[in-house]
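Comments concern the structure below.
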Amino acid sequence: MLSLSSLISKASSLIDPNILPPSLLNQVNGSTNDGQTPAVLFRSNFRLPDSESPLAVIPCELSLPTGEHYFGRLHLSESFLCFSSSAPSSVSGASSSSSSTAGPPSCGFTLPLVAIRRVERLHSRSYLFALAVTTWHNDQKLTLQFNSLRSTCEKFCEALKKNLRSQMSEMKNLRMLVGSCYSEWLVTGGKSKDGAKEEPDAGLGMVWKYPGDAKKLRDRSKMRLWAEYLRENGRNITLIRQPTFHKLIRVGLPNRLRGEVWELTSGSLYGRLFNPTLYTDTLTEFSGRHSLSIDEIEKDLNRSLPEYPGFQSEEGIGRLRRVLSAYSWKNPDVGYCQAMNIVVAALLIYMSETQAFFLLSTLCDRLVPGYYSQTMYGTLLDQRVFESLVEKTMPILWEHLVKSDVQLSVVSLPWFLSLFINSMPLVFAFRVLDVFFLEGPKVLFQVGLAILRINGEELLDVTDDGAFISCLKNYFLRLDESAHPRSDNEKLRAVTRFQELMVVAFREFSGITEQTITDQRTRHKDSVLSSIESFAKRTTLRNLGPESKRLATNDLGYIYDRFYKVLYERQERLAAIELEKERLNEKKVMSSARSISEKSINEKGRIGLGPSSQLMDYDYFREFLAGVAKWAIADSPSQLFSPGLGGSLDPQWGSNGRKKSINLSPWGDNAEPADHEFMQRLFRRWDTDYRSGLSLQDVVAGLAGIKGKKDIMESISYFFELYDDDGDGRVDREGILRISEALLFITRRGWETPPNIGDQNRNSEGKGGTDPFLGSVSGFIRRCFEYADPDQQGKQEEVSTGVEGMDELVDLLDLASDDEDGDSVKSPVKEKELKGKDKEKDEESGEKTSLDIDANTRPSAMSANIALDPANPLHITLPTFRMIVLADEVLEYFFETGFADSIVLSTDGSKTPSGRNVSAGASAFGNLGGGGIAGAKGLRGVLDNIVNDGMRVAQEVRRRMDEAQKEMERNAVPGKYKEDEEEEGDAKSIMEGDRELLKGAEASVVDEAAKLAIKTGIPDDDGASGTLLGSPTSSLATTHVGEELRTPTTPMPTRVEFEMDK
Amino acid sequence: MAEGGPKPSSSVKLVLLGEAAVGKSSLVLRFVNDDFQENREPTIGAAFLTQKCNLPSRTIKFEIWDTAGQERFASLAPMYYRNAQSALVVYDLTKASSLAKAKHWVAELQRQASPGIVIALVGNKLDLTSQSTGLENSMGGLSLSAAAGDGDEEEEEEGDARQITTAEAKSYADEEGLLFFETSAKTGHNVQEVFTAIANAIPESTLKTRGGPGSNRAGNGTGGDTFGSGGVNLSAVGETNKDGCAC
């Protein structure tokens, strides 16, 4: 029968939203305000492993075999059935009020499904829906009466049934676990058939004694009380937590049960249940292996609780070594942190190695997250939280400390880091741990605050760190003394200082709840992480090696920021994409998938949280470069725009694609980086350790190589070496072409030419950054072949004849470059300009070249082209390369400053193209404007096309060369190859390029027709190629193309707009 | 308490930095208690000790902050070297990497700690090198011969695990303007000397602002301190998140 009061409380549990467990609330609200997901809260409430997620919940009344009733909620997860009472029932109400109001629920259980032997549906009253649950320990039967709609109850039962079945396989593990539990042995006396046959390992204390005087600790009577409780309320895996349970823990656990109860209350027991062999497997797997952590552990083994006899023995040291090593292997991100040795040593006094291993995992993962991490951010964060709590709860003391310049954390940090173990005498530290594992990290704060409160008077007299520390040290040494030695009341006199401490901690500071801590941590997290990061940055920058000295400090800082930004943002993004894929794949597992991924995403992303990956692979590198150099930004983002379309993409489509919840581009909102052979070469060159990844140091050294040197000669050598693959001081034909490609690639978005270079070009064509450069590059190619050395001496006579072929080549080049722009609209007026400029250009190049090679040598060369003859491999050497570069004013300038300046580091944050939400085109455009060269240039579509054309020129040159080579191999009549080929017309082997050759030859004939076609605006492939036939230099041709495209018919503006939109 | 003595007395904050297990705590223990323990618990966070050092003209009370050496504790260090007037940067003579770490700490202190901080570079564990034989008696001390440094030490002289020559460390110390000592916390060799040298090197002016009239305890207040170098320190500390205290 239900009493009236229980009915009331039942009703209130249904009405009052505050009683709802947070997990439920969050399911309703969708998300939480402090970043904790419902699943995370659910797991931490019931101390469940990370694999669990809340699947179902139902209001319910629990009736225990001992006669108590509790109202609360029953939760189901994949492998657990959990209950927590929402309000104390009338029976237990009085007693539970003595525990802190913010304490754990007065009754509850976390029952692994595998520990349930049987579930029966009770039919006693038809209008009630009730289950009787028989647990592993037969003597126990729980009655669960659901308070919900019948359909909900049915559904819950169905889910329960399903999960119960799936857990059957864990039975073996359960047996093993139960057998290793001391409680089993205690209750059954070693007689149970499933239970332990011999006394289970309850830590080193069984051999070397437990700390403290067992008599004084009243260990025996505690044990009796526990035996009684365990008999009535289940044990280990099936234990029901009633208010008595909490009280029994508050008075201190008996030695031999301590380890097991720690496991149980912290939840590490469940980790052990499901991974019974993880510990031994880890040890086996890594046996004999070495790591930094192993070395560090070894150093500390002899200095972990050295005063405890167990740790003066090989046995104790061995256990400590194994547990710490196993954990360092299992969680290499944490590895080993000093203080872990002390904590683990303490645990090992009361529990077996395996138990300690899992408890350590639980500690690091959940109870004191980040305490022992590489950056120890958790430690620093909790110090900040502690300070703010002191300020809030003891303002006078706080003010005094501030005024005296006493830094609280110098005292309190070791308290938290070693869980009071090396601050207080061990017996008392363990008492604190008892409650800590039960109630969570807030206990550390409560005890810390209580220590300050109790010593407040004395602390107010203290004016420096030293006195502050010694005052508290003194206090800790006298914890076992009477708190009120002069009191007349005998009972009061019997109260020890430690008891007083516990009372103050849990009564006076009962307002400090888990939620308080979570909120405070959230509040301070950012600033703590930033300060760690600024420290890490400072340290790292200082240790970057000698190369880094060649860069300015603020440049280094910028590289550092950029490096890690790219690294972490990209990781985050990839994780998000992965998650999104998962979500799309299977909606059902969404909740669990999300909770897991959210965790992993949150854990990454900041240096302060500790390192994950410290190397950039090539894709990261591309993204990095795209942020510092505009040439490293792709021209036509592959995922959003089809390559050939330039800017003519339908903006509607684009924006719709972008507005979807998550940007699935691996580049996120950043500009998509280009992927050019030059960048691959850079990457390989910078990757000095051949790890296929760049460390920060590599990147700094690499950038120092480009930006750090001001000497043009060095800069030229650097470039040359990039292409000298085998390091023999020679760059072959292939390399020459690649160099010219790279030059065009780097400058395709314009670069800061000096005001007086290439002026003529600019005047005649309007403003153009790239244009004079194209001329220089084609000149460069020409001269390279002109001055190249043949690889073999015998063919030398052919050198002089090499240039004519080059001329041809250049012609081909011209036509080719225009060929692909056949769709662009041309005007006859422009055509004329072109012709006029033609001459100008010729003269100009003659003037510009100090070596005076251009005009004279070119016409004289007439026959076979060595440049194209594969039988005559050739190369240029560094001196040649240098000479050729220096022969051209524009190239010279490029190598002097242009190349280095094309990478923009810290000069001005707003100018760098790395900003988020700026797409490739938009940022490149903005940057050009900022650079001041293209102010009048207007639309970026123009730019893009110029760029594309420039690239194509080089590509075309290559293609032609290759084909010509093939031809020559076939014909061995180099001089006539062109005609021959046209005649032969080998249809099958004709490639596109061949056809273009053909067109080129015919073009003069169809020239007029073509022009006509253009005039009428008909996009005619043949015609387009014809228009430029006969222009003598490639530079002119391409210049022309660029110019032409500058007509405002390009659709670029729309694209820019839409990108801004997004 | 320090009473009676006519000599002026002032306190000096000293911080110990250096790689893990180079013997920082042992040096302090030797200096403070003239004791040595083979297996000291690693320092968690930092330990605080005080010891007086009597100079002919005055008494210096060292407030010693002994910090944890493990790499990851480095981010806590600013909390401890805040306002320090002197620092002992310790390395292990028998471990090459420890000098690199020491150099790092010197750089950190020079940039982030109080300007004018007195830094001593100390190579510890001299007892593990061949030089140690007989050193306890004859205080011949710092023989600058780097003989032990070249060749395969382990093969040539069994007792010598030295990896860092005196010359190498000395020239670095000179370059950076550091005091330099090689010590053994185990035998006590040179330990007292280090602290005395630091005490002597502390400029009188910094002491005056601290010591003030009367007992050091009253005047030692941080008020004076914050006026001087304090400002700079606070900003350094602020960076490392402990500004909660500073404002």
Side-chain angles (χ1 to χ4, degrees), chain A residues 292 296 299-300 302-306 335-339 341-342 372-377 379-381 383-384 387-388 391 401-411 413-414 417-418 422 463-470 473 524 527-532 534-536 538-539 542-543 610, chain B residues 11 13 20-21 25 37-50 61 63-65 68-80 82-83 100 103-104 107-108 111-112 216-223 225-226 230 233-234 236-247:
Chain A
L292 176 64
E296 288 178 330
K299 253 187 236 169
D300 289 346
N302 284 316
R303 30 194 217 150
S304 315
L305 302 188
Y336 168 73
C337 175
Q338 287 185 333
N341 62 327
I342 291 170
Y372 308 121
S373 76
Q374 293 282 341
T375 59
M376 301 182 71
Y377 72 91
T379 307
L380 289 167
L381 177 57
Q383 286 312 299
R384 179 68 71 81
E387 281 171 357
S388 78
E391 184 178 7
L401 294 180
V402 171
K403 221 170 60 202
S404 323
D405 199 24
V406 169
Q407 199 158 3
L408 183 58
S409 43
V410 299
V411 184
L413 186 138
L417 200 56
S418 61
N422 70 349
T463 54
D464 64 283
D465 293 332
F468 191 76
I469 287 178
S470 58
K473 214 179 218 170
H524 295 288
S527 71
V528 168
L529 284 182
S530 327
S531 56
I532 293 174
S534 81
F535 179 83
R538 206 162 71 211
T539 312
R542 198 177 298 135
N543 293 326
Chain B
S11 43
K13 178 171 173 181
S25 303
Q37 290 174 6
E38 204 66 65
N39 294 317
R40 292 264 298 165
E41 276 192 27
T43 311
I44 303 303
F48 179 84
L49 297 99
T50 58
K61 182 189 162 205
E63 295 176 347
I64 303 166
W65 285 101
Q70 203 192 9
E71 180 67 36
R72 64 188 74 188
F73 282 80
S75 56
L76 310 184
M79 195 159 93
Y80 300 112
R82 189 180 80 111
N83 294 343
K103 288 179 179 175
H104 161 78
E108 169 81 10
R111 265 192 61 185
Q112 302 293 333
N216 64 28
R217 201 152 179 265
N220 159 24
T222 46
D225 207 31
T226 20
N233 291 329
L234 289 183
V237 166
E239 263 180 61
T240 42
N241 101 49
K242 288 296 142 202
D243 55 352
C245 281
C247 50

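In what follows, chains are A, B, ... by sequence order, proteins preceding strands, each numbered from 1. When reading the values below, keep in mind they use all heavy atoms of this one structure, side chains included, and skip hydrogens, waters and symmetry mates.
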Verify, without hydrogens or angle tests, whether Arg72(B) (side chain) and Tyr336(A) (backbone) share a donor-acceptor contact under 3.5 angstrom. yes
Check whether [X] gets within reach of chain B through its side chain, its backbone, both or neither, counting any heavy atom under 4.5 Å.
X         : result
Thr539(A) : both
Gln338(A) : both
Leu305(A) : both

[atom1]-[atom2] distance between [X] and [Y], expressed to the nearest 0.5 angstrom:
X         : Y         : atom1 : atom2 : answer
Ile44(B)  : Ile342(A) : CD1   : CD1   : 4.0 Å
Ser470(A) : Phe48(B)  : OG    : CZ    : 7.5 Å
Glu296(A) : Gln70(B)  : CD    : CD    : 4.0 Å

If we define contacts as heavy-atom pairs under 4.5 Å, which of Leu49(B), Thr50(B), Ile64(B), Leu76(B) has the most with chain A?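 Ranked by heavy-atom pairs under 4.5 Å with chain A, first place is Leu76(B).
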Report the residues that fulfil salt bridge (charged side-chain N to carboxylate O under 4.0 Å, His left out) with Glu71(B), sequence neighbours left out, ordered by chain and then residue number.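 Lys101(B).
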Closest-packed option against chain B by number of heavy-atom pairs under 4.5 Å, given Cys337(A), Gly335(A), Ser388(A): Cys337(A)
What residue in Val410(A), Asn422(A), Leu413(A), Ile469(A) has the most heavy-atom pairs under 4.5 Å with chain B? Val410(A)
Return the minimal non-hydrogen interatomic distance between Ala20(B) and Lys299(A), and the atom names on each side. O-NZ, 3.7 Å
Grab the two heavy atoms, one from Thr375(A) and one from Ser75(B), that are nearest each other, plus how far apart they are. O-OG, 3.4 Å
Does Tyr80(B) have any ring-ring contact (aromatic ring centres under 6.0 Å, His included) partners at least two apart in sequence or in another chain, and if so, which? Trp65(B)
Select one option (side chain, backbone, both, neither) describing which atoms of Ala100(B) are under 4.5 Å from chain A's heavy atoms. neither
Do Glu108(B) and Arg538(A) come close enough that some side-chain heavy atom pair is under 4.5 Å? yes
With a 4.5 Å limit on heavy-atom distance, are the side chains of Asp464(A) and Glu63(B) in contact? yes
